[in-house]
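Each remark here refers to the structure printed beneath this line.
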Amino acid sequence: MIKFAPRASFTKPAALVLLTSEQAKAAKFTSSVNPVAAAVNAALGSGRFEGGKGEVLPLLVGKCLVVLFGVGKEKGLTMASLRVLVRRALMFGYFRKAADIELVPHKDEAAVIRAVMDAHLLGTYAWKKYITRKKDDKTVDNKTLHIAAAEKAEYGRIARVAACANFARDLVNENADVTNAEYLEKTVRGVLKGKSGFSLEVLGPRELKQKKFGLLLAVNQAASKEPRVVIVRYNGGKKGEPYTAVVGKGLTFDSGGLNLKPSGSMETMRCDMSGAAAVIGALKAAFELKLKKNVIFAFGAVENAIDANAYKPGDVFISYSGKTVEIGNTDAEGRLVLADVLSYVIARYKPARVVDLATLTGACVVGLGNDYAGLMSNNDGLAAEVLASAEATDDRAWRLPMYPELKDMIKSKIADIKNTSNQRGAAGTMTGAAFLQSFVGETPWAHLDIAGTAFVDGDSRMYFGHGATGYGVRLITDLLEKS
Ligand code: BES
Ligand code: ZN
Ligand code: ZN
């Protein structure tokens, strides 16, 4: 939880003070009666603390631990690096355990406060369900951060969206065998419970067969679990106003199929439904923020498993759209699932524009790393809007080119199109996107390849710990609100 008070109280068991190098040396707090404020002033005046980036000076005043924490020069301090710095401070052992922390930002400015909020709400999130020896450290769930700043209405929005991102993270972090397609459907039903202004369409195995989702069903062929396509039509806007469709890849586990992934590449593949999780997180945010827009939230949830029924490389399947697809590699399954869901959503709901989120290619991780999603689009206007929201929310994205020749790389000799490139290793992220593009037609469409950004495999990255990042919830919510 986060609480605001315009001035620092210095009465909490622990206080964290952020300072810039320019202001660090000047005594800052007027109350010399309060022993904590007096000690901080003395420390600031002592010349022992410069406020340099990452510089730390702990003080113990009675029972109160104060840590002066430098953020460096204000000029050139990005809000992303502020998020990283504040998270680092909040992860210090003592603060980790404290149920109450007071934080005095170096500046009472909306961008700074939002960064501090993200650092706390997203930065201290941890997935601990399966740790039986619970340490007494308090994560975002059970600690209160008191920020010495004037409260603003937009902060409530930031907190809600962060909670929805964490909701998505829980879905990704949970065991793949738990978060199966049926579970994701139930999760959506849970989000919708008690709400109005929407309609829900759920396609199970029977409907999917009857409607001929040939690609999606091929991927799920060897799974012991049922597939689902879940579509929520959210009617927050006026009647007749256009719909934006947000579509997620929901591979509840991606073993690679018969083109089995090697050890080292499979262990994190419960993250392959991160696109669907982002869609669910954004759906939850839409209700919580009472979003005044019309939106289609959709995902296809299947498992890419292996057994004797597994779909086979070299075989051809007929998509929902009627286009036939040769399977070059069973591990390029996400585009198959998305192709069917995208063409169905476009045909049935006729959205004015579509954004999809998918952990689609390892090539995207190679090319852009883990801090930028790949953005590909057939529409410059939509791409610009997505990039603006990426910038505003720090769910970063970088646009990659889409050009006609990419189509030549996914030609098949025995079908209309192939799910892999004929030029192995070249432009893998864009050929994946080109495959999707051939199923969206003229509809303005933006594709976010989140293979690198959705999940942290390791200690931490930026301001995220190990596991799911909730990538996309902030970006999509901002995009829907703004346009
Ligand atoms: N789910 C993977 C992509 C992925 C890789 C997500 C790393 C997260 C982290 C996807 O289904 C896949 O395996 N793609 C293949 C495509 C290839 C066979 C054309 C890949 O990237 O190797
Ligand atoms: Zn795969
Ligand atoms: Zn996959």
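The structure displayed is predicted, hence computed values, not measured ones.
At least one side-chain heavy atom of L216 sits under 4.5 Å from a side-chain heavy atom of P227. Side-chain contact between L375 and L387 is present, with at least one heavy-atom pair separated by less than 4.5 Å. Annotation: side chain of E385 is not in contact with side chain of K482 (no heavy-atom distance under 4.5 Å). With contacts defined as side-chain heavy-atom distances shorter than 4.5 Å, the pair V86/H120 does not qualify. Using a 4.5 Å cut-off on side-chain heavy atoms (C-beta onward), V71 and K53 make no contact. You'll find the side chain of K407 stays beyond 4.5 Å of the side chain of F435, heavy atoms only. Here the side chains of L85 and L77 are in contact, with some heavy-atom distance below 4.5 Å. Side chains of V473 and V279 form no contact here, defined as non-hydrogen atoms less than 4.5 Å apart.
Taken to the nearest 0.5 Å, the CG atom of L90 stands 8.5 Å off from the CZ atom of F69. Interatomic distance, CG of L360 versus CE of M376, reported as 8.0 Å (0.5 Å rounding). Interatomic distance, CD of E481 versus OG of S389, reported as 9.0 Å (0.5 Å rounding). Between S255 atom OG and K261 atom NZ the span is 8.5 Å, to the nearest 0.5 Å. For the atom pair OG (S421) and CG (N329), the distance works out to 11.5 Å, reported to the nearest 0.5 Å. Summarising the geometry, atom CZ belonging to R189 is positioned 12.5 Å from atom CG belonging to L184; distances are rounded to the nearest 0.5 Å.
Proximity of a side-chain donor or acceptor of K418 to a complementary backbone N or O of E326 within less than 3.5 Å is not detected. The backbone N or O of W127 sits nowhere less than 3.5 Å from a side-chain atom of D170 that would complete a donor-acceptor pair. Panel note: side chain R396, backbone D371; no donor-acceptor pair is recorded below 3.5 Å. Remark: side-chain polar atoms of R169 are paired, donor with acceptor, to backbone N or O of L122 under 3.5 angstrom. No donor-acceptor distance shorter than 3.5 angstrom exists from the side chain of N379 to the backbone of W445, with no hydrogens or angles considered. Counting only distance, with no hydrogens or angles, the side chain of R353 and the backbone of T244 share no donor-acceptor pair below 3.5 Å. The backbone N or O of G328 lies less than 3.5 Å from a partner atom in the side chain of N419, making a donor-acceptor pair. In terms of modelled atom types and a separation under 3.5 Å, the side chain of N259 and the main chain of T330 share a donor-acceptor contact. Remark: side-chain polar atoms of T361 are not paired, donor with acceptor, to backbone N or O of G428 under 3.5 angstrom. A donor-acceptor contact shorter than 3.5 Å links the side chain of R461 to the backbone of N370.
In this structure, K195 forms a cation-pi arrangement with F287, its terminal cationic atom sitting closer than 6.0 Å to the ring centre and no more than 45° off the ring axis.
Considering every non-hydrogen atom in both V172 and C271, the closest pair reads CG1-CA, 3.7 Å. The shortest heavy-atom contact between F439 and S321 is CE2-OG, 3.5 Å. Closest of all the heavy-atom pairs between N309 and Q221 is O-NE2, 2.8 Å. The heavy-atom pair separating G237 from N294 by the smallest distance is N-OD1, 2.8 Å. Taking all atoms of both residues into account, the shortest heavy-atom contact from Y155 to A110 is OH-CA, 3.4 Å. L82 and A115 get closest at one heavy-atom pair: CD2-CB, 3.9 Å.
In I318, the CD1 atom is not crowded: 12 or fewer heavy atoms of neighbouring residues, nucleotides or ligands sit closer than 6.0 Å. Heavy atoms from other residues, nucleotides or ligands lying under 6.0 Å from NZ of K212 number 12 at most.
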Item to complete: Could you walk me through whether L336 and I327 pass side chain to side chain contact (heavy atoms under 4.5 Å, CB included), step by step?
Response: CA-CA 9 Å; L336 301 173; I327 307 305; 3.8 Å; yes
Item to complete: Let me see the working for E174 and R270 under salt bridge (charged side-chain N to carboxylate O under 4.0 Å, His left out), right down to the final yes or no.
Response: CA-CA 8 Å; E174 178 57 275; R270 68 180 188 287; over 6 Å; no
Worksheet item: Passes salt bridge (charged side-chain N to carboxylate O under 4.0 Å, His left out), K249 versus D356? Steps please.
Response: CA-CA 8 Å; K249 168 177 172 180; D356 80 68; over 6 Å; no
Discussion item. Could you walk me through whether Y130 and N175 satisfy the side chain to side chain contact (heavy atoms under 4.5 Å, CB included) test, starting with their C-alpha distance in whole Å, then the side-chain angles of each, then the deciding distance to 0.1 Å, before giving a yes or no?
Written reply: CA-CA 10 Å; Y130 295 116; N175 282 354; 3.9 Å; yes
Practice prompt. With salt bridge (charged side-chain N to carboxylate O under 4.0 Å, His left out) as the test, would you mind laying out the steps for D315 and K312 before giving the verdict?
Written response: CA-CA 6 Å; D315 277 2; K312 292 161 184 68; 5.7 Å; no
Worksheet item: Between Y243 and Y349, is a ring-ring contact (aromatic ring centres under 6.0 Å, His included) present by the stated rule, with each step listed?
Response: CA-CA 8 Å; Y243 279 81; Y349 293 91; 8.0 Å; no
Item to complete: Carefully, step by step, assess R228 and E226 under the rule salt bridge (charged side-chain N to carboxylate O under 4.0 Å, His left out).
Response: CA-CA 7 Å; R228 288 286 188 277; E226 289 186 357; 2.8 Å; yes
Practice prompt. Would you please test L200 and V202 for side chain to side chain contact (heavy atoms under 4.5 Å, CB included) and show each step?
Written response: CA-CA 7 Å; L200 170 68; V202 177; 3.8 Å; yes
Worksheet item: I231 and F297: side chain to side chain contact (heavy atoms under 4.5 Å, CB included), yes or no, with the steps?
Response: CA-CA 6 Å; I231 306 169; F297 294 95; over 6 Å; no
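Between the side chains of Y372 and D395, not a single donor N or O lies within less than 3.5 Å of an accepting N or O. In this model, a donor atom of one side chain and an acceptor atom of the other lie less than 3.5 Å apart for N304 and D254. Of the N and O atoms on the side chains of N220 and Y311, not one donor lies less than 3.5 Å from an acceptor on the other residue. When only modelled atom types and interatomic distance are considered, T324 and D416 share a side-chain donor-acceptor pair under 3.5 Å. Under the 3.5 Å distance criterion, with hydrogens and angles disregarded, no donor-acceptor pair is assigned to the side chains of D340 and S319. If you check the side chains of D272 and T359, you find a donor sitting under 3.5 Å from an acceptor.
Between K3 and E151 there is no salt bridge, since none of the side-chain N atoms of the basic residue sits less than 4.0 Å from a carboxylate O of the acidic one. Taking the charged nitrogens against the carboxylate oxygens, E333 and R335 have no contact shorter than 4.0 Å, which rules out a salt bridge. We find that K293 and E241 are not joined by a salt bridge, their nearest charged nitrogen and carboxylate oxygen being 4.0 Å or further apart. Here E109 pairs with K107 in a salt bridge; the nearest charged N to carboxylate O distance falls below 4.0 Å. At a threshold of 4.0 Å, the pair E201-R233 does not count as salt-bridged, since none of the basic side-chain nitrogens sits closer than that to a carboxylate oxygen.
For Y234 and F198, the gap between ring centers reaches or exceeds 6.0 Å.
Considering D394, T469, T124 in turn, D394 is the only one that fulfils the side-chain hydrogen bond (donor to acceptor under 3.5 Å, both in side chains) rule with Y463.
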